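Written out below as C-alpha cells is the structure these notes cover.
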Amino acid sequence: MKLVKDGLFLGKIEYCWVIAVACGLLQAFGMGLILNCSSLFYVYICDDMGFLRADISTYMTGYFIGTTIFTPIAGFLLSKLDIRKVMFVAILTLSGSVIAMSFYNEIYQWQISGFLVGSAGACIFVLPSASMIGNWFVKRRGTVYGIVMACSSISAAFMAPILNSIISASGWRTGYLFVGIAALIVIAPLCLVFRYKPSDIGCKPYGGDEIDEESNKRQKLGVKTKVAIGTVSFWCLFIFAGIASFNHGGVEQHIPGYMVQLGLGTAFGATVVSAQSAGSVADKFIMGWLNDKIGVKRTTIVELIVIMLGLAGFIFTREPILLIISAVAFGVQDSLMSVSLPLLIREIFGNKYYTQIHGLIRAGVGVLGTFSGVFVGWIYDTTGMFQPAFAILIALFIFDLFCVFAAYSFGKKIKWETPEGEIAINANK
C-alpha cells in the first residue's frame, strides 16, 4: 500500500493535515528547542568558562548575521529545488552546529555556530512552515498558521524546565548534545513527508474546491520577485518586519532587569517572562483565528495596538498584577512575525513568488534585530532607566502602523502576473 495516494495519507488522512502536524513538530524542535531555549545555557557557560554575559550573547549576533545573509537564498532554494533535500541538508548543518557547541572553549566558536544556526535555520524554522501552510491551505489558513507557529512557544515552555534540569545535573555540554540530537531525531525523518505544494502529489489545497473560480485563480497569481523589490509595499513590509524584530528583542532581553529596577526582584522578573510566553501562545491561536474572521490588515492593526498598550503598561504602572497583564499584552508581538507577516506578504504580493519575497523581507529582521538588545541596554546605561527606551519602541510601533496602511495603499497599484499577461489586483480585496 502506498503511503500517499490521491492526496490521502494511508488512504484516509488528507495530506494537508500531515503537512500541518509535521510543520508543528518542525517549529517545536527547531525554533522552540534550539532557538528559544538557547539563553538557558548562558549563565552556566559563563560561570564555567569565565566569560562575560555580553561575550556569550554574541552567539545571537552570529545568528542574526547568518539569517540576514541566508534567508533570501533559502527562499530561492526552497521554491526551486526539492524541499526535502534542502531541509535535510539544513537539519544536518543545524543539529551539527548545536552538537559542536558541547565541545567549545572559545567565544569565536559560539559565534561561528550562531552564524550556522541562523543560516540553516532559515531553511528549517524561518521559512518552510509559513510557505507550506500557505500553499496547502486556502480555507482556515490563518487558524492553521496560528496553531503551527504556537508550537514553538508551547515547546519552549515545556522543554525549558527539562533542559534546565539536564544542564544542572549533567552540565551545559550534555545539554547541547541533548538539544542537537533531539532536533535531529525528530526533524530529519520529517523531511521525507514534506511537499512544497499540493500539486507535487497531484491534489488541491484544503478548501480549494470550495472557493469560487476567481478566488481559485488568485491562488496561482503573484508579483515577480524583481518587480516586488521595486515597490513601496515591499519596503514597507521590510521595515515592518525589522521594527517588529527590533522591539521584540529589545524588550524580551531586558524584562528581568527592568523588574529589578522597579524593586520587584528577579523571581518576579521570571514570572513576567512566563506571562509574556503565555501571551505569545494564546495570541497565536487567537490572532490566527482573527485573521480568518476580520482579515489580515485589521488583525495586524489590533495586534499593534495591544502591543503598544502592553509597553505603556510597563512604563506607567508599578503594580505587579498590572505588569503581568502588560507582559501578556506585549506577548502578542510574537505573532507579528510568525503569523501576520506571512499573511500580509501573500495578500499584497500573491502566492506565486511568495517564498522568495518572504525570504528577502525577513532579511529586515536580521538587519535591525541584531542591535535591539544593545540599544535598550545603552539607553539604560545612559539614563539609568528602561522607560525612555520603551517609549521609543512605542513610537516605532506607531510607525509600523503607518507601514501597514502604506503597504496596502500602494499595493492596490501593483500588477500581479497571470498566464495571459498582467492584471491589476486590489490588495484589499
Side-chain angles (χ1 to χ4, degrees), residues 19 23 26 30 64-90 118-138 141 145 148-149 191 194-200 205 218-242 244-245 296 337-369 403 407 410-411 414-419 422-423 425 427:
I19 293 292
C23 285
L26 187 69
F64 278 117
I65 292 172
T67 196
T68 299
I69 293 173
F70 206 78
T71 299
I73 300 172
F76 175 83
L77 294 176
L78 291 168
S79 62
K80 296 297 183 181
L81 304 179
D82 187 332
I83 194 171
R84 293 169 294 178
K85 295 178 181 178
V86 174
M87 292 184 68
F88 186 74
V89 172
S119 301
C123 292
I124 297 296
F125 53 75
V126 174
L127 292 180
S129 291
S131 298
M132 286 187 283
I133 296 301
N135 290 339
W136 277 89
F137 289 85
V138 174
R141 178 183 290 163
Y145 260 135
V148 167
M149 296 307 173
C191 295
F194 287 125
R195 298 296 186 276
Y196 184 65
K197 55 185 183 295
S199 59
D200 290 343
R218 285 172 61 88
Q219 298 298 316
K220 303 174 183 178
L221 307 181
V223 182
K224 287 184 176 180
T225 306
K226 62 181 180 181
V227 175
I229 294 173
T231 66
V232 174
S233 295
F234 176 90
W235 292 105
C236 284
L237 293 184
F238 184 93
I239 294 170
F240 170 87
S245 174
V296 183
M337 294 300 302
S338 59
V339 180
S340 293
L341 179 64
L343 295 174
L344 286 168
I345 294 170
R346 285 187 184 276
E347 194 154 274
I348 293 175
F349 294 108
N351 291 313
K352 192 168 186 180
Y353 302 95
Y354 161 80
T355 302
Q356 296 173 48
I357 296 172
H358 188 188
L360 290 167
I361 288 175
R362 285 285 304 211
V365 172
V367 171
L368 291 178
C403 288
F410 285 97
I414 296 175
K415 303 287 185 179
W416 284 20
E417 184 184 81
T418 71
E422 290 185 338
I423 183 172
I425 300 293

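Count residues from 1 along the sequence. Values in this document were obtained by computation on a predicted structure and should not be read as measured data.
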Pairs meeting criterion side chain to side chain donor-acceptor pair (under 3.5 Å) with involvement of residues 74-87, two or more places apart
Ser79-Gln356, Asp82-Arg84
Steps toward side chain to side chain donor-acceptor pair (under 3.5 Å) verdict (Tyr145, Ser340):
CA-CA 9 Å; Tyr145 260 135; Ser340 293; over 6 Å; no
Taking the side chain as everything from C-beta on, heavy atoms only, tell me whether [X] gets closer than 4.5 Å to [Y].
| X | Y | value |
| --- | --- | --- |
| Phe70 | Cys123 | yes |
| Ile345 | Tyr354 | yes |
| Pro198 | Trp136 | yes |
| Asn351 | Leu221 | no |
| Leu26 | Pro128 | yes |
| His358 | Val126 | no |

Using only atom types and a distance under 3.5 Å, with no angle test, would you say the side chain of Arg346 pairs donor to acceptor with the backbone of Ser131?
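Yes, the answer is positive, given that a donor and an acceptor are paired below the 3.5 Å cut-off.
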Please check: side-chain N/O of Thr231 versus main-chain N/O of Ala228, any donor-acceptor pairing under 3.5 Å?
yes
Nearest-0.5 Å distance, OG of residue Ser129 to CE of residue Met149:
5.0 Å
Look up atom OH in Tyr196 and atom CE in Met132, then write down how far apart they are to the nearest 0.5 Å.
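If I round to the nearest 0.5 Å, the distance is 9.5 Å.
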Suppose we screen for side-chain contact (heavy atoms from CB on, under 4.5 Å). Which residues come up paired with Ile239, at least two apart in sequence or across chains?
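Counting only residues at least two positions away or on another chain, Ile239 forms a side-chain contact (heavy atoms from CB on, under 4.5 Å) with Ile243, Phe399, Cys403.
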Ile229: side-chain contact (heavy atoms from CB on, under 4.5 Å) partners, not counting sequence neighbours
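With neighbours one apart ignored, the set is Thr225, Phe234, Trp235, Leu360.
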